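Order of the sequence lines fixes the chain letters, A, B, ..., with proteins taken first and strands second; residue numbering starts at 1 for each chain. No experiment lies behind these values; they were computed from the predicted model shown. Side chains included, hydrogens not; waters and symmetry mates left out as well; all remaining heavy atoms used.
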Amino acid sequence: MPVSKEYIIKRLLLLVLVVFGVLIITFVITRIIPAHPELLWAGSHPTEEQLEKARRQLHLDKPIYVQLYYYLTDFIKGNWGVSWRTKHPVLKDIATALPATLELVIVAFIMAIIIGVPLGALAALKRETWVDHVVRVVSVLGASVPVFWLALILQLVLSSWLGLLPGAKRVDEYVVIETGFKPITGFILFDSLIQGNFAVFTNALKHIILPAFVLSMYPFGLSARMTRAVMSEVLNEQHTRSALAWGLPKRVVIYKYALKNALAPVIASLGLSFGYTIIGAFMVELVFVWPGLGLYAAMALLSYDYPAVIGCVIVVALIYTVINMIVDIVHSMIDPRVKL
Amino acid sequence: MQAKPLVVRDLTIHYYTLHGVVKAVRGVSFAVGRGESLCLVGESGSGKSTIGLAVLGALPSNARVVSGKILINGVNILELSEKELEEIRGKEISMIFQDPVASFNPLFTIGQVLSDIIKYKLGVRDKNEAKKLALKALSEVGLPDPERIYNSYPHELSGGMLQRAAIAVALATRPSILVADEPTTMLDVTLQAQILDLLQGLRRKLGLALLFITHNLGVVAAICDKVLVIYAGSVVEYGPVDEVLLSPLHPYTKRLIECVPRSSVKTSRLKYIPGSLPDLRKDYPGCIFAPRCSEALEKCSRIAPKFVEAKPGHFVACHKAVKAG
Ligand SMILES: Nc1ncnc2c1ncn2[C@@H]1O[C@H](COP(=O)(O)OP(=O)(O)OP(=O)(O)O)[C@@H](O)[C@H]1O
Ligand code: SF4
Ligand SMILES: [Mg+2]
């Protein structure tokens with residue numbers, strides 16, 4: 001893999017910079033702007049005792065730069081505060097919620113790519129035919145349908161009315177209890193599979209289909225449109241014509257050669273759409289009561305749970321930077337001209 | 001007598017565009033024998049590439065072969081299905097192009113392309129066996145260190161090396177016909193000569209029928225046995241290379257030769273033929289070159305000249321030339 005040390009160092013520095021920036025911003029918003037920051041920390045209807053405790057924890061009697069010092073070092077040490085709402089340490093809450101969100105997003109992206117890329121390629125091959133038009137309509141609809149609306153409709157029709165698929169939660173508790181399933185990584189599909197627990201696996205799979213489908217709509221539309229655009233370009237390039245002239249079978253030229261050219265831009269655009277997908281995930285989790293970061297953040301926001309909100313903001317910023325790095329690395333793996 | 005590998009008869013090709021039907025090739029006939037090389041010469045836009053692509057059955061989708069025959073080893077490829085054409089490409093006929101860099105997919109090594117072609121065209125499934133054949137093909141075109149070239153991506157090689165690699169790819173499957181569409185135009189002069197030498201050698205060694213497309217008469221002299229001069233999609237002159245270059249009959253050929261820059265004659269500007277190609281969407285009752293011809297006779301714009309054998313083996317379509325000859 002053509003990834004240089006400089007690149008890794010540069011990226012790690014960027015990571016630190018982003019996290020530092022986010023920490024500063026949250027510090028300013030929650031500590032400097034409010035007249036009584038301890039009110040944000042002590043929960044609703046605090047007693048004087050609780051307020052005093054919060055003041056001590058936040059070092060409010062000390063100068064601002066000392067407060068900032070403690071703010072940063074606490075973060076590094078993993079003391080992200082305690083959520084008012086759940087009464088658990090924020091870091092622990094996030095560690096439980098994050099795998100649920102990642103599992104949902106990963107399944108959604110896999111669905112989007114598996115359906116979107118071949119459809120886009122097909123549309124490029126059958127340009128200006130009914131196939132192309134159908135793919136265009138479907139992918140534009142997919143990319144523009146409001147997530148919240150689609151989630152509610154599908155939940156109502158497929159789950160409530162027809163009872164085809166479960167419309168809430170990741171897995172049914174009774175299956176977990178009956179089979180004595182113990183999560184390891186927090187990715188239920190993965191954990192159940194490596195433990196050979198197929199009852200939990202199929203149950204979790206049924207649960208993830210609807211939310212992942214809703215979430216996959218935007219990346220699906222995007223990858224179909226992108227694949228079609230890049231493929232039509234690549235199919236007209238000289239190297240495609242040369243490969244055909246040299247006698248390579250058309251299917252090989254299209255599905256092995258040209259498709260690889262289309263892959264890098266598609267992955268890059270999916271990576272860039274990640275921010276949008278996370279927002280989508282928040283809404284999908286809200287509708288499908290999916291115990292992920294989105295649900296956690298939404299609940300935290302609604303209950304003014306500052307430590308939890310700050311924790312979520314930092315984690316999302318971290319993920320965003322890491323995703324960009326992954327996109328870069330995948331790009332360099334696909335395209336030998338890209339040196340990182 | 002065995003049929004020549006490539007025979008084209010009365011080929012007529014139209015492009016369908018938003019601005020009308022472009023009659024790009026207008027009844028062209030020629031044949032190339034084993035070990036023989038035929039040059040197609042003419043100005044830009046005269047239809048050379050169109051003919052080259054047609055011969056491979058690889059015309060753009062907006063092109064239609066309106067009439068004619070293209071016989072490859074006796075089989076009219078215009079009657080073949082897309083699947084059967086795919087079978088013939090590579091095996092019986094192959095092609096190299098003007099831009100060697102653009103001819104290779106930037107994401108695949110030369111070796112990957114070569115191995116795939118060997119796998120799909122020669123049916124060699126064994127990876128080591130395929131690689132051996134690929135390395136052999138690369139050393140055959142005079143590439144030093146075939147192992148390195150095999151593992152290289154296009155951006156790691158120079159234009160000259162890539163054109164050699166393209167020749168290796170095109171000939172790895174041992175086709176009997178090679179179409180070369182301006183393969184040296186984008187290379188600098190010393191490389192041009194090397195590539196021409198290479199093609200010349202391979203033609204002899206493999207008994208290739210070579211259809212060489214160029215607008216450069218200097219190149220023609222270096223590589224061809226026979227020359228076919230094309231103007232606006234029509235053949236105007238055909239004959240052995242010495243005959244055509246040293247005693248051209250058609251006024252268009254004469255102008256082309258005058259335009260070749262000569263080191264002995266110092267001129268400040270490049271010569272060109274006055275006027276431009278006619279509108280290819282129209283039909284012309286007389287000689288299609290008449291509007292630009294300095295020797296035109298009165299009947300030229302009314303009556304089309306016949307393509308006749310003016311001297312043994314030397315054909316021309318021109319009222320003036322035939323009268324004089
Ligand atoms: N795909 C196409 N669609 C429409 N017209 C085309 C297409 N390709 C070529 N033509 C037209 O057909 C005519 C012949 O083009 P062709 O490329 O065969 O010429 P050429 O002799 O190879 O020229 P050059 O020396 O520039 O390569 C030109 O008028 C050109 O504009
Ligand atoms: S036929 Fe007439 S117009 Fe045409 S090339 Fe000959 S002399 Fe010129
Ligand atoms: Mg051309």
Closest approach of Leu107(B) to Pro336(A) (non-hydrogen atoms, all atoms of both residues):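 The answer is CD2-CD, 3.8 Å.
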Shortest non-hydrogen separation from Ser94(B) to Ala245(A) and the atoms involved: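 For Ser94(B) and Ala245(A), the tightest heavy-atom pair comes out as OG-O, 3.8 Å.
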Ala102(B) versus chain A, the contacting section by heavy-atom distance below 4.5 Å: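 Contact with chain A is through both the backbone and side chain of Ala102(B).
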Proximity breakdown for Phe104(B) and chain A, heavy-atom pairs closer than 4.5 Å: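 Both parts, heavy atoms under 4.5 Å.
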Between [options], which residue shows the highest count of heavy-atom pairs closer than 4.5 Å to chain A?
options	value
Glu86(B), Lys91(B), Gln112(B)	Glu86(B)
Asp99(B), Ile117(B), Thr109(B), Ile88(B)	Ile117(B)
Met95(B), His155(B), Glu87(B), Glu156(B)	His155(B)
Pro175(B), Ala166(B), Gly57(B)	Ala166(B)

Any Asn105(B) side-chain heavy atom under 4.5 Å of Ser242(A) side chain: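 Sidechains of Ser242(A) and Asn105(B): no contact.
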Pairwise side-chain contact, Lys260(A) with Phe108(B), heavy-atom cut-off 4.5 Å (strictly under):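 Heavy-atom side-chain distance check passes, below 4.5 Å.
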Enclosure of [X] [atom1] (heavy-atom neighbours >12, cutoff 6.0 Å):
X	atom1	value
Arg64(B)	CZ	no
Phe20(A)	CZ	no
Phe30(B)	CZ	yes
Phe187(A)	CZ	yes

Taking atom [atom1] of [X] and atom [atom2] of [Y], what is their separation to the nearest 0.5 Å?
X	Y	atom1	atom2	value
Tyr153(B)	Asp335(A)	OH	CG	9.0 Å
Leu248(A)	Arg89(B)	CG	CZ	11.0 Å
Asp116(B)	Lys256(A)	CG	NZ	3.5 Å

Ring centres under 6.0 angstrom apart (Trp246(A), Tyr120(B)):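 Ring centroids of Trp246(A) and Tyr120(B) are no less than 6.0 Å from each other.
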Side chain / backbone / both / neither for Arg127(A) at chain B, heavy atoms under 4.5 Å: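 The answer is neither part of Arg127(A).
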